[in-house]
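Let me begin by presenting the structure, written as structure tokens, before commenting on it.
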Amino acid sequence: MKSHFELEDALFIGFCATLLVVLKSMLRLKLGLSGHSMFLMTFFYLLCYGAVGRVGCITACGLLAGIVAMMLSIGKGGPLILLKFGLPAVAMDLTLLMIAGVFKLRWQCVIVALIGCLAWASKGWVENMLAGMTHQIALTKFALNFLQGGVFAIGAALIVPTVLRRLQSHDLLQDHHKQYK
């Protein structure tokens, strides 16, 4: 297995990152629920990993999405937007290093999505603590964010294997993705 990305891998990573940022900015939904952004992040990060098949592609996608969001001034937080996209991506890639091949695809997607959601909620917890929130309130807000974000992340994670199988059935994935049949 090659350790570097091929041109089509890099193009797909860029496509996922750009589409994530564009859809996120177009669908500025005010649902009143924290965590709905985890749906798009989880979906595109796991789709990127499923299509490229190399550890590190999720991190590349997340950091690239953060850079694109910063360049387009999407969201709030300035340069911290890079952490919003990058931290869950790094956590997901590290999780894949530990559990790659251990679980079936659907369970692997769910576990990776929940770890990404945990990293996403942890970023909010650190921000709240730095803002001077009490420990109890910050921890309660963290738990609520993780619960709400986890619902969206699991929803996206359950969709990804089906999308990957559809891509495989139309011969849109490379040969090293035979496991989706």
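Between Ala89 and Ile58, the shortest heavy-atom distance links the atoms CB-O, 3.3 Å. Closest non-hydrogen pair, Ala156 versus Phe43, comes out as CB-N, 3.7 Å. Ala119 approaches Leu87 most closely through the heavy-atom pair O-CD2, 3.6 Å. Shown here for Met41 and Pro88, the closest heavy-atom pair between the two residues is SD-CG, 4.3 Å. Heavy-atom minimum distance, Trp120 versus Ser37: NE1-OG, 4.0 Å. When all heavy atoms of Val21 and Ala65 are compared, the pair lying nearest together is CG2-O, 3.2 Å.
Connection of Phe44 to Ile154 is not established within any shared hydrophobic cluster, with ILVMFWY side chains joined at heavy-atom distances below 4.5 Å, either directly or through further cluster members. Hydrophobic clustering of Ile, Leu, Val, Met, Phe, Trp and Tyr side chains at less than 4.5 Å, counting indirect connections, keeps Leu114 apart from Leu144. There is a path of hydrophobic side-chain contacts, each under 4.5 Å, that joins Leu19 to Phe152. Residues Val52 and Leu11 fall into different hydrophobic clusters, defined by Ile, Leu, Val, Met, Phe, Trp and Tyr side chains chained together at heavy-atom separations under 4.5 Å. Under the 4.5 Å side-chain heavy-atom criterion for ILVMFWY residues, a single connected hydrophobic cluster contains both Val55 and Phe12.
Here the CG-CG distance, from Leu158 to Leu46, works out to 10.5 Å after rounding to the nearest 0.5 Å. Rounding to the nearest 0.5 angstrom, the gap separating the CZ atom in Phe15 from the CG atom in Leu20 is 11.0 Å. Rounded to the nearest 0.5 angstrom, Gln148 CD and Cys117 SG are separated by 10.0 Å. Here NZ of Lys123 is found 10.0 Å from CG of Asn145. Values are rounded to the nearest 0.5 Å. Summarising the geometry, atom CE belonging to Met92 is positioned 10.0 Å from atom SG belonging to Cys61; distances are rounded to the nearest 0.5 Å. The line from CG of Asn128 to CG of Leu139 is 11.0 Å long, rounded to the nearest 0.5 Å.
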Before giving the answer on side chain to side chain contact (heavy atoms under 4.5 Å, CB included), spell out for Lys24 and Phe85 the whole-Å C-alpha distance, their side-chain angles and the decisive distance to 0.1 Å. CA-CA 11 Å; Lys24 190 167 172 39; Phe85 286 98; 3.8 Å; yes
Derivation of the side chain to side chain contact (heavy atoms under 4.5 Å, CB included) call for Leu94 and Thr59: CA-CA 9 Å; Leu94 290 175; Thr59 300; over 6 Å; no
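In terms of modelled atom types and a separation under 3.5 Å, the side chain of Arg54 and the main chain of Tyr49 share no donor-acceptor contact. With Thr42 contributing its side chain and Phe39 its backbone, the two residues share no donor-acceptor pair below 3.5 Å.
Residues Ile137 and Phe142 have side chains not in contact (no heavy-atom distance under 4.5 Å, counting atoms from C-beta outward). Side-chain contact between Leu47 and Leu167 is present, with at least one heavy-atom pair separated by less than 4.5 Å. Between Arg165 and Thr162, the closest side-chain pair of non-hydrogen atoms falls below 4.5 Å.
For Arg106, the CZ atom counts as densely surrounded, since its 6.0 Å shell holds more than 12 non-hydrogen atoms of other residues, nucleotides or ligands. Within a 6.0 Å radius of NZ in Lys141, other residues, nucleotides and ligands contribute 12 heavy atoms or fewer.
Residue pairs meeting the salt bridge (Lys or Arg N to Asp or Glu O under 4.0 Å) criterion with at least one partner in residues 81-102, sequence neighbours excluded, do not occur; the list is empty.
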